[in-house]
Amino acid sequence: MKKIFTLIAVALVTMSVNAQEKYVAIERNAETGALTLSDEFKAVLPLNEDGSYGDVATNKDERGSVVVMKTASVTVEAVGGSVPADVPDVAGDNTATHVDINADGTVNSWSEIKWQQKNQGDINWAWIQGTGNPAAKIEAEAIMTDDVPATYVDENGVEHTKYRPLYTFYKPDGSLGVPEMGLYYKFTATTAGTIKIGTWVNKGNRRTYVVDAATALPIAYKAEGYINGQNHKILPEGATDSVSVKKYLSSEEIDSIHKAAKVNAETGEDSEPYIIGAGNQPFFGYITFEMEAGKTYYVFCESTQLGFNGWEFTPAPAAGPEIPANAIYFWEGGADGATEVGGVATAHGAADGRINYANGDYYTLSINTKKANIETDYILITIDQALEADDEIAITGYRNKDTDANGTLYMLFENGYEIDEGDNMVWNNTHPDLGQQPNTNTYKVAEGAGSKTIKISRSKASTNVFITKFVITRGGASGIENVEVVTPVKKNAIYNLSGQKVDASYKGIIIVNGKKFFNK
């Protein structure tokens, strides 16, 4: 015969959600059109006499111009490179020019590195755009006209072949590594989460990559925002005629545009998986991808510049504790709160306020009452189903003094059965000078079978016991062939002072989620 039980999840304390982090590199005032730079970009751009900022970077090094931006969890390096300079063919004559690169790829002079401020005024979209193509290396190729190399004559009358830069761009198989020159952005997070980057892809037919630095392989991302030329009609407030404006496209809409243009309907093959939309117009919007803790990601466009206006980062929710499949009750404290399933812990008397007690780096059940006062001062564990003879309790905890041996536990079950540690010292001390960790002790509850409540106090007074984890498991696997686990939900169960579950019509003092209320 199968024995099936349901583990009902009760969120006694909602775990805190890490706040979203936001960084704005540049923004535009919708009314005045004025652009405001972040302090980090202001620091690397010259201040003009009129109070505006120039665009030539002042912090150039062997990598180019590096601007470092940070929020609580994310660090971003915007690396702006350069391109070989265009110089006059003959000294003093600017009517004809050539790129200042030699046949062996040596660059004699570089153009200025710039961080340009741009905006799409009709939708109030501003961005910073650097210079340089993100590439693994640069070589030279001769400029040919009708299969004849183009040439120039220098000031000494010597004829030279004209060359232009030949870039080796990133390959999605990772064989060339990540870019080492030009414009790219490096994103690193101390915690896992989702990042949403404001971008401008200057040439929509160029590939846009998000690359895992460790593997040099691209990862998936979603794009949403505007594609130049994708418009729709709206009727402005107070107007009689509709007007055509740029349409904000969802990631699904952009994906649909992309599939229609790049995916073979018969084979399903995507000819250009890293081009946003159809790729014939600039894209400006958001790129969203998942970040792992401690990992770095490169974001860049192939052979064109990627605009940048900041990011939003949403940390992933902290992983919940691992709950045994055969647990009928589970309570565990964490750094931000506690998780409870299968019942509810409530505090009574002097123990009031000691449920989810913030102590040290995690929340605990704090036992500061004594056996002699068990009828008035105790913590009550009320479980959703009665104990059986083969059930077992595992308690993890510690005492808070290193000299007193009275930090022991006393448990009184609903049917009158007792577990009394008496004079036994079974709990570690976690005095800050000792740094010991909580330890776990287990208890068989055969004689407590049939009980649905357990009162907890100390066997003796003086030393507190702080419980970090309290688990009741149905002993052994025999007879349990299927366990249904229900997703944790907030459950505002109501109890009276005796620990009995009641409904909202009950009059008097009630306990909801560990707190007392008077219900008229």
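Just so it is clear, the structure is predicted and the values come from calculations on it, not from any experiment.
To the nearest 0.5 Å, the span separating CG on Asn439 from CZ on Arg399 amounts to 9.5 Å. Atom-to-atom distance recorded for His258:NE2 and Ile275:CD1 is 7.5 Å, nearest 0.5 angstrom. Atom CD1 in Ile195 sits 9.5 Å away from atom OG1 in Thr314 (nearest 0.5 Å). Note that CD of Gln385 is 13.5 Å distant from OH of Tyr329, once rounded to the nearest 0.5 Å. Atoms CD1 and CG, on Ile128 and Leu306 in that order, are 12.5 Å from each other to the nearest 0.5 Å. To the nearest 0.5 angstrom, Glu447 atom CD is 9.0 Å from Ile419 atom CD1.
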Verdict with supporting geometry, Lys371 and Asp420, salt bridge (charged side-chain N to carboxylate O under 4.0 Å, His left out): CA-CA 9 Å; Lys371 172 184 174 182; Asp420 190 349; 2.8 Å; yes
side-chain contact (heavy atoms from CB on, under 4.5 Å) between Lys222 and Ile287, intermediate numbers included: CA-CA 6 Å; Lys222 290 184 177 181; Ile287 289 173; over 6 Å; no
Residue pair Ile393, Phe470: steps toward the side-chain contact (heavy atoms from CB on, under 4.5 Å) verdict: CA-CA 7 Å; Ile393 298 177; Phe470 191 108; 3.8 Å; yes
side-chain contact (heavy atoms from CB on, under 4.5 Å) assessment of Val211 paired with Ile219: CA-CA 6 Å; Val211 175; Ile219 67 170; over 6 Å; no
Criterion ring pair (Phe, Tyr, Trp, His ring centres under 6.0 Å) on Tyr248 and Tyr226, from CA distance to verdict: CA-CA 5 Å; Tyr248 190 94; Tyr226 303 91; 5.3 Å; yes
Phe284/Trp200 under ring pair (Phe, Tyr, Trp, His ring centres under 6.0 Å): CA gap, chis, key distance, verdict: CA-CA 4 Å; Phe284 38 109; Trp200 174 283; 4.5 Å; yes
Test ring pair (Phe, Tyr, Trp, His ring centres under 6.0 Å) applied to Phe41 and Trp127, step by step: CA-CA 12 Å; Phe41 275 100; Trp127 70 95; over 10 Å; no
side-chain contact (heavy atoms from CB on, under 4.5 Å) assessment of Leu249 paired with Phe283: CA-CA 10 Å; Leu249 303 167; Phe283 161 79; over 6 Å; no
Evaluation steps, side-chain hydrogen bond (donor to acceptor under 3.5 Å, both in side chains), between Glu421 and Trp427: CA-CA 11 Å; Glu421 293 180 349; Trp427 302 104; 3.2 Å; yes
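Between the side chains of Thr188 and Thr296, at least one donor-acceptor pair of N or O atoms lies under 3.5 Å. No side-chain donor from either of Glu77 and Tyr185 sits under 3.5 Å from a side-chain acceptor of the other. In this structure, a donor-acceptor pair under 3.5 Å is present between the side chains of Trp115 and Ser65. A side-chain donor from one of Thr346 and His348 sits under 3.5 Å from a side-chain acceptor of the other. Side-chain polar atoms of Glu290 and Thr194 form a donor-acceptor pair below 3.5 angstrom. No side-chain donor-acceptor contact under 3.5 Å links Thr36 and Glu27. Checking Ser73 against Glu21 by side-chain atom types alone, a donor-acceptor pair falls below 3.5 Å.
Under the 3.5 Å distance criterion, the side-chain polar atoms of Ser451 are matched with a main-chain donor or acceptor of Asn415. A donor-acceptor distance shorter than 3.5 angstrom exists from the side chain of Asn326 to the backbone of Arg474, with no hydrogens or angles considered. Side chain of Ser457 to backbone of Tyr378: no donor-acceptor contact under 3.5 angstrom is found. Thr199 contributes no side-chain N or O that, together with a main-chain N or O of Val201, makes up a donor-acceptor pair within less than 3.5 Å. With Tyr184 contributing its side chain and Cys301 its backbone, the two residues share no donor-acceptor pair below 3.5 Å. The backbone N or O of Glu292 lies less than 3.5 Å from a partner atom in the side chain of Tyr297, making a donor-acceptor pair. Between the side chain of Tyr221 and the backbone N or O of Thr208 there is at least one donor-acceptor pair closer than 3.5 Å. With Thr364 contributing its side chain and Phe466 its backbone, the two residues share no donor-acceptor pair below 3.5 Å. Without hydrogens or angle criteria, Asp391 side chain to Ala446 main chain gives no donor-acceptor distance under 3.5 Å.
With contacts defined as side-chain heavy-atom distances shorter than 4.5 Å, the pair Trp331/Leu365 qualifies. Between Lys452 and Asp384 the shortest side-chain heavy-atom distance does not fall below 4.5 Å. Taking 4.5 Å as the limit, every side-chain heavy atom of Phe330 sits out of range of all side-chain heavy atoms of Ile472. Residues Glu418 and Tyr410 are in side-chain contact: their nearest non-hydrogen atoms beyond the backbone lie under 4.5 Å apart. Between Trp311 and Val74, some side-chain heavy-atom pair lies under the 4.5 Å cut-off. Side-chain contact between Ile467 and Thr396 is absent, with no heavy atoms from C-beta onward closer than 4.5 Å. The side-chain heavy atoms of Ile381 and Ile456, taken from C-beta on, include a pair separated by under 4.5 Å. At a threshold of 4.5 Å between non-hydrogen side-chain atoms, the residues Phe169 and Leu176 do not count as touching.
Checked against the 6.0 Å centroid criterion, the rings of Tyr170 and Phe300 qualify as a close aromatic pair. For Tyr286 and Trp125, the ring centers sit closer than 6.0 Å to each other.
Under 4.0 Å is where a charged nitrogen must lie from a carboxylate oxygen, and between Glu253 and Lys247 at least one such pair does. Between Lys70 and Glu40 there is no salt bridge, since none of the side-chain N atoms of the basic residue sits less than 4.0 Å from a carboxylate O of the acidic one. Ion pairing between Lys295 and Asp212 holds under the 4.0 Å rule for side-chain N and carboxylate O.
Within 6.0 Å of NZ on Lys118 lie more than 12 heavy atoms contributed by other residues, nucleotides or ligands. Within 6.0 Å of NZ on Lys42 lie more than 12 heavy atoms contributed by other residues, nucleotides or ligands.
Among all heavy-atom pairs drawn from Gly177 and Ala216, the shortest one is CA-CB, 3.9 Å. Of all the heavy atoms in Val66 and Asn59, the pair that sits closest is O-ND2, 2.9 Å. Contact record, Pro134 with Leu183: CB-O, 3.2 Å, taken as the closest heavy-atom pair. Taking every heavy atom of both residues into account, Asn309 and Gly198 meet most closely at OD1-CA, 2.9 Å. The two residues Ile395 and Leu409 come nearest to each other via the heavy atoms CD1-CD1, 4.0 Å. Between Pro315 and Phe313, the closest heavy-atom pair is CD-O, 3.6 Å.
Checking Asn464, Asn368, Thr408 one by one against Arg458, the side-chain hydrogen bond (donor to acceptor under 3.5 Å, both in side chains) holds for a single residue, Asn464.
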